[in-house]
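Bear in mind the structure is a predicted one, so any value in this text is a computation, not a measurement. Reminder, nothing fancy here: chain letters follow the sequence lines and each chain counts from 1. Computation of the quantities below employed the complete heavy-atom set of this structure, encompassing side-chain atoms and omitting hydrogens, waters and symmetry-equivalent molecules.
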Amino acid sequence: MGLSSQKYIAVKLLIMYLNSRKSHDIEQMVKEFNGFNLVAHNCLINANVDWGNVSEARRLFDEMPERNEVSWTVLISGLLRNGRVAEAMWYFERNPFPNVFLWTATISGLVQNGLSSEAMRVFVKMLASGVAPNDVTFTSVVRACGELGDSGLGKSVLGLIVKVGFEDNLSVSNSFISFNLKLGNIDLARRIFDRMEERDVVSWTAILDMYVDMGDLREARRIFVEMPERNEISWSVMISRYSQGGYPKEAVSLFHEMVQCGLIPNTSCYSSVISALASLRALQEGKNIHGHVLKIGMDRDIFICSSLVDLYCKCGNTKDGRLLFDSVLEKNVVCWNSMVTGYSLNGQLAEAKELFNQIPNKNNISWNSLITGYIETENFDRAFEVFNEMILSGEQPNKSTFSSVLKACASLVSLERGEYMHAKVVKLGFQNDIFMGTALVDMYAKTGNIESSRMVFNGMLIKNEIAWTAMIQGLAENGFAEESLAFFEEMEQTSTIKPNDLILLSVLFACSHCGLVDKGLFYFNSMEKVYGITPSERHYTSVVDMLSRAGRISEAEKFMTNMPFEPEVNAWAALLSGCKTYGNKKLAEKIATKLSELAETKSGGYVLLSNVYASSGRWLDVLNIRKMMNEKGVKKSGGCSWIEVRNRIHLFFSQDDSHAQSAELSEVLELLNSEMVIL
DNA sequence: TTAGGGTTAG
């Protein structure tokens, strides 16, 4: 077989690979080909690497009777591209063709796997071996310096580059732009860009990304429009950053715009747009994209698959998510995490736990997903257990982990654990993070330690809407109504943050508890006009409560009849309680009749009704309702309480003695009771 | 063989 026909076969295989991406066809073709063909074999290895069948690629390589330098390069760079560094290095040590391509492929592969120090060591070895680096080598080496955040190292490499004469090379200059952006030298990056004689789409995209990273999406959009040349990566930068930055709608419309312009989206664009659709819970459009991805043969891409798993799960369809997950041959940790998160989000904790146990290389996101799942299903005990297991396994908790566990401490009203977590946050140096600050303010407020809550809040360098909400709400709910209002006024005067519906609810709550009725009514009436927030049922109920507490019963009643929706049961309860306090028996009876009617029509109505009677001290009515519920066979979910002793949560249910020490506890209670009688 | 881009947790 001559070289030209070998080339012919290789080209044909490549065309088939690009068109059909069907491994089977290509394998068939290689088999039909009489005898061994080196070029075809190399192509097949390359194709398998691209499809993620790395083990198959390695098998093909190992079985080759003869290999050339392309075979070695394809295999080693393929292994590195798929994160199989140890295997790649094993082959690298044994490679009989140490040319510049292979050195460069290895250096860049190591950098891509986050092993920049190792990459630099290989680079030094390369220089010592006498092989001269080329421009591509330098771009990878500069990237490694950037990843290491080592500006001194970058300067030494620049010296070498100038010595060899690559300083004006386009790729090398581009890599220096990103190097400086990584180190925060924005001005220097911009100066390099401005000084460049020739710029390509990569240079422009780097500058575009700079504005996106700074959070200036408008300026980024301007650069994007003005760029002399745009390719699919420039588009993908825009789409992904809009998606990640909390603008999923814009990301989707940008994707449509791209398609309308006649451009072909790459895998990045697809994974980003699917992620945006997942945020929007847009299942149908996501399914359309999935169909399209299947049609064009991108359905094996791990990024696309992980986003699709996430999409199906976020839309509540864990079954289809799992089906897709199972079809992925070589899963990475992100793919695993997407599925665990999917089960967690949908409350399927047994499935989440089972899958979590099977993850081969867990990272902290895997742990966080499971912890969050337990917290969302209010299984706080298990959440803390998993947290402890995480620490024991040697996995470092991150800010997300603490955000979750602090939420659990708040829900459990467990100050002791909260303080322990706070200490850990400080030890790891996370205390200045805005998420941490907010979670701590909330935890301390919910556990009743308003002093610490205030201290953390005052110490926060930047305060966002969520932080202010936690503080204002915390103060209001802990009975510091006046202070809560003072903080609200301070927020209005000193920040640009606009009040949200939760803050206004707290403000109404505070006004109600301070007896500042007119002030409360003023804020309620300002909601729509000044703040552009439509009041919800809860806001209306709060006003009813406020008027009732102040004895303005007829006003409260009138307010209720003018509400744009059916009043909540809590609103009736507030009014009834007001009637009781101010002795309005006639209206109280009217409300009682109304509530009985409501109980008939609403599911769980009896329970609510009995709660309403209980809250206004009408115990006879409570007993009657309970009797009626028993007759009709209506079950009430039991009351539940808990106490924390030596890091263990003890749960107690009403009319239930399932606690292991319930007999002893009863005895002690009886003893205490008798003591109280004596006193 | 490269520089610019992607998926998951709070």
Does any N or O donor sit under 3.5 Å from an N or O acceptor when you compare the side chain of [X] with the base of [N]?
X: A:S306; N: B:dT7; value: yes
X: A:D301; N: B:dG6; value: yes
X: A:D135; N: B:dA3; value: no
X: A:N231; N: B:dG4; value: yes
X: A:T267; N: B:dG6; value: yes

Whole-Å distance between [N] [atom2] and [X] [atom1]?
X: A:I375; N: B:dA9; atom1: CD1; atom2: P; answer: 15 Å
X: A:Q112; N: B:dG6; atom1: CD; atom2: C1'; answer: 13 Å
X: A:M227; N: B:dG4; atom1: CE; atom2: C1'; answer: 9 Å
X: A:L440; N: B:dG10; atom1: CG; atom2: P; answer: 18 Å
X: A:F179; N: B:dG4; atom1: CZ; atom2: P; answer: 13 Å
X: A:N398; N: B:dG10; atom1: CG; atom2: C1'; answer: 8 Å
X: A:Y343; N: B:dT8; atom1: OH; atom2: C1'; answer: 16 Å
X: A:W336; N: B:dA9; atom1: CH2; atom2: C1'; answer: 17 Å

Practice task
State whether A:K314 places a side-chain N or O below 4.0 Å from either non-bridging phosphate oxygen (OP1 or OP2) of B:dT7.
Solution key: no
[X], nearest nucleotide to its side chain (from [options]):
X: A:T139; options: B:dA3, B:dG10, B:dT8; answer: B:dA3
X: A:S275; options: B:dT8, B:dG4, B:dT2; answer: B:dT8
X: A:N368; options: B:dA9, B:dG4, B:dG5; answer: B:dA9
X: A:D310; options: B:dA9, B:dT2, B:dG6; answer: B:dA9
X: A:I233; options: B:dA3, B:dG5, B:dT8; answer: B:dG5
X: A:S272; options: B:dA3, B:dT2, B:dT7; answer: B:dT7
X: A:V334; options: B:dT7, B:dG10, B:dA3; answer: B:dT7
X: A:S178; options: B:dT2, B:dG5, B:dA3; answer: B:dA3
X: A:Q244; options: B:dG4, B:dT8, B:dT7; answer: B:dT7
X: A:S403; options: B:dT8, B:dG6, B:dG10; answer: B:dG10

Practice task
Give the ring-plane orientation class for A:H292 versus A:Y270, where under 30° counts as parallel, over 60° as perpendicular and anything between as tilted.
Solution key: tilted
Looking across every strand, which nucleic acid part, if any, lies under 4.0 Å from [X] by heavy atom: base, sugar-phosphate, or nothing?
X: A:K407; answer: nothing
X: A:S140; answer: sugar-phosphate
X: A:E69; answer: nothing
X: A:N363; answer: nothing
X: A:V201; answer: base
X: A:K331; answer: nothing
X: A:N99; answer: nothing

Problem - A:F255 ring center near A:W235 ring center (under 6.0 Å) - result: no
Exercise for the section: Could you say whether the aromatic ring of A:W367 and the base of B:dA9 stack, counting only centre distances under 5.5 Å and plane angles under 30°? Expected result: no
Between [X] and [Y] (salt bridge meaning N to carboxylate O under 4.0 Å), is one present in this structure?
X: A:D442; Y: A:K407; answer: no
X: A:E395; Y: A:K362; answer: no
X: A:E257; Y: A:R221; answer: yes

Practice task
Quick one: pull up CG in A:L308 and CD1 in A:I289 and give me the separation to the nearest 0.5 Å.
Solution key: 9.0 Å
Practice task
Please determine, by modelled atom types, if A:E465 and A:N500 share a side-chain donor-acceptor pair under 3.5 angstrom.
Solution key: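 Result is yes, a qualifying pair exists.
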